[in-house]
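Residues: numbered from 1 along the sequence shown.
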Amino acid sequence: MSGTTSGLLTGDARHHIPVTDLDAVAAGRVTPRTARRLFGVERTRRMLMFRGVVAATTGTDPGPLPPPARAVELLLRAERADPEAVQEIIDHPAVGVWAVHLLGRLRSPGPPDPAQPPLWQDTGYLHSLAAAAALRAGISASVPVPVRAGTVSLPTLGRAEFPGPHTDDDGTAVLETTARDTAVRDDTAVSGTAGARLTYGSRTLFLPRDPRRSGPGWHPVRTLVWHPGGQAHSVALDDADPYRDFRDLHPRRDAIGAGEEAQWRRLLARTGRLLTARHPEAAGLVSSTLKALVPLPRTPRFHPASASYTEAVGSTLASLPHDAIEFAATLVHEARHSVLNSLGHQVRLVGPAEPAGEPLFYAPWRADPRPVQGVLHGAYAFAGVADFWRVERHALRGGRAALAHFEFALWRDAVTEALRALAEPGARARLTSWGRRFVAELAARHAPLEAEAVPERPLALARGEALDLRVTWRLHHLLPEPEALHALADRWVKGETAARAADPAGALPDAGLRPLADVPAHEPRGELRRALLLDGSLDGFPARSTAGSTGGSPGGAADAPALGGRRPDLLAADLRLVAGDAAGALAAYRAILAGAPDARPAWAGLALALRTTRGDRAARPLLDRPELVRSLALVLRERGEAAPDPLSLCAWLTGDRGPAT
């Protein structure tokens, strides 16, 4: 597999990926050589984007900055002086985010969006890249750069902040760099760096001779060092670049403080030791791909936040972890997304979208329906997570081991379900021949996990969680065909059986996919199951803080249980269900639905409680077609009928008996 594209700034490159690399990536193995090939393609891809920016802006008004072509000329000059420095700048993950965002703006028809900053502010990032390259390469240059809210960003180096009142669009500053061989040295100078000064109106700011050091108004990018696999690797803790977060460009979040930086350092060091000792293959994958961490605020336990982006290969957004185990699982998950994003830039695994639209599927890790690309990405990422917990469950003790068994069983089965979805005709048709090969290798690597034994209690809770997620998803995104649904309601009212004698197979209406927006990302019962395993009981929940978390953490609002505003009677029913009082939960959910038959969480909880108390047959309608039972109850209520008992509806749909009064 190969393709010819523009390579480094000074020429073209032909990229090849051996088939053995494709198979190794599918199996979760990324060697340093494979990683170099992957990042080589990313570098070329970004240079193509640079060319696209220059082409798209030729002849347009550059605002208060020179044309982008001038920035590219400076990058070329810096590359001749120090190719490695420019290579690191091009590899900077935020560059991909910026380029895609800017090209989207340049190619967007219609008037500019007033909610976005002026176009020259976005275009000016290319000048900021060139300025950083000149400084790092030690060449003499005078570079206009954009100022936003009094701040100048120099990607990979840091940010300069000018005091005083300012607006969001402050104009430009000028960075002047001094050639390395003519730089005046002093006692604080560091070999291999040049001095620089920033001029913004009447204000001047001098950068330290070593830009890795702090200075008045200058805040360098923090660099974390860890040792997965026994070798030192540097990771940028990026809280300054305006394009670091693909979800929120130019974020307004404050930079992290020294205390939080120290926590990140400690946690990354511990995570490196953990991965090296127990997960050497995963340690190699993470260390080969992770270049930047974008810190997010700490989230409640059991709900770490993280994200990757197809054009920010090498970057991971992550909430401050509670402990090294949580952090390791997050890094394994996001590293797999990152490497698959890069592989996808070389080899098409999923075919182009069909004009009729994308088929959508259930993915156990998401609350929304997913296209084939999303199912494939999730299956690959969670295959790594499942393998991580496979090992961890035997290394931990007590509640932490029980929780690790639960996570292993949950994500192992979730990946198995996703692989079955990818084997369905509609999904398989969307995969290319290389995509089918990738999925086959992934499935072969995952298959042995399916035979591994899991202790009874965490296994039962994991299977309950999986059922809960699937039932909840159906309740949100599937709706029965209206005409057939009303015909079914007619039969209930008339006291007829649910199935017509002449056509029993076609009696129940089909359900169509009607995706809902704004579905809660987390079902609180999942938190209760994890808390039960980790803490040993649910006594005092939810008033209990995170004192029982696996690694301990400072208290605070972010450490409180994430119950999503659960109404008290529903939370009480959930607590009974998870704690093992299925009969009490059944009665509580029935009472809730008598007054609020639209409450989806109560329907899902009822399905699980009914299955535990009366068996699979009694619960089958709610397990297999919960959207039908709920919709039928709502239709009957809208007609003015007495609120039907959910258990009577389930019994009627199974043919066990007629409607109950």
Q: Run the numbers on Tyr362 and Arg370 for side-chain contact (heavy atoms from CB on, under 4.5 Å), then give the verdict.
A: CA-CA 6 Å; Tyr362 169 65; Arg370 303 297 291 156; over 6 Å; no
Q: Applying side-chain contact (heavy atoms from CB on, under 4.5 Å), run through His92 and Asp238 and close with a yes or a no.
A: CA-CA 10 Å; His92 181 45; Asp238 192 353; 3.5 Å; yes
(Q) Please evaluate residues Glu311 and Arg46 with respect to the criterion salt bridge (charged side-chain N to carboxylate O under 4.0 Å, His left out), reporting the C-alpha separation (whole Å), side-chain torsions for both, the decisive distance (0.1 Å), and the verdict. (A) CA-CA 9 Å; Glu311 299 297 348; Arg46 289 171 188 173; 5.9 Å; no
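For the atom pair CG of Leu623 and CZ of Arg617, the computed distance is 13.0 Å after rounding to the nearest 0.5 Å. In this structure, CD1 on Ile325 lies 12.0 Å from OG1 on Thr330, to the nearest 0.5 angstrom. Taken to the nearest 0.5 Å, the SG atom of Cys650 stands 11.0 Å off from the CZ atom of Arg620. Atoms CZ and CD, on Phe302 and Glu407 in that order, are 8.5 Å from each other to the nearest 0.5 Å.
A donor-acceptor distance shorter than 3.5 angstrom exists from the side chain of Arg600 to the backbone of Leu475, with no hydrogens or angles considered. Side-chain N or O atoms of Arg298 include one that pairs as donor or acceptor with a backbone N or O of Pro321 at under 3.5 Å. Between the side chain of Arg244 and the main chain of Asp241, a donor-acceptor pair closer than 3.5 Å is present.
Annotation: side chain of Leu285 is not in contact with side chain of Val332 (no heavy-atom distance under 4.5 Å). The closest side-chain heavy-atom distance from Arg412 to Val454 is below 4.5 Å. Considering only heavy atoms from C-beta on, Pro369 comes within 4.5 Å of Trp473 through its side chain. Side-chain contact between Thr57 and Thr60: present, with at least one pair of heavy atoms (C-beta onward) separated by less than 4.5 Å. Side-chain contact between Arg437 and Thr432 is absent, with no heavy atoms from C-beta onward closer than 4.5 Å. Counting heavy atoms from C-beta on, the side chains of Phe406 and Glu465 come closer than 4.5 Å. Inter-residue side-chain proximity for Trp389 and Glu392 is flagged as met; some heavy-atom pair is nearer than 4.5 Å.
Between Phe438 and Tyr380, the distance from one ring center to the other falls under 6.0 angstrom.
When only modelled atom types and interatomic distance are considered, His337 and Thr316 share no side-chain donor-acceptor pair under 3.5 Å. Defined by atom type and a distance below 3.5 Å, a donor-acceptor pair is missing between the side-chain atoms of Asp368 and His477. For the residue pair Tyr243/Asp122, the side-chain donor-acceptor check at 3.5 Å is satisfied. Side-chain contact annotation: Glu527 with His522, donor-acceptor N/O pair under 3.5 Å absent. Side chains of Thr34 and Thr31: a donor on one and an acceptor on the other come within 3.5 Å.
Identified under the salt bridge (Lys or Arg N to Asp or Glu O under 4.0 Å) test for residues 371-390, with sequence neighbours left out: Asp387-Arg390.
The heavy-atom pair separating Ala604 from Asp468 by the smallest distance is CB-OD1, 3.7 Å.
Looking at residues two or more places apart in sequence or on another chain, you find a salt bridge (charged side-chain N to carboxylate O under 4.0 Å, His left out) between Glu627 and Arg474, Arg625.
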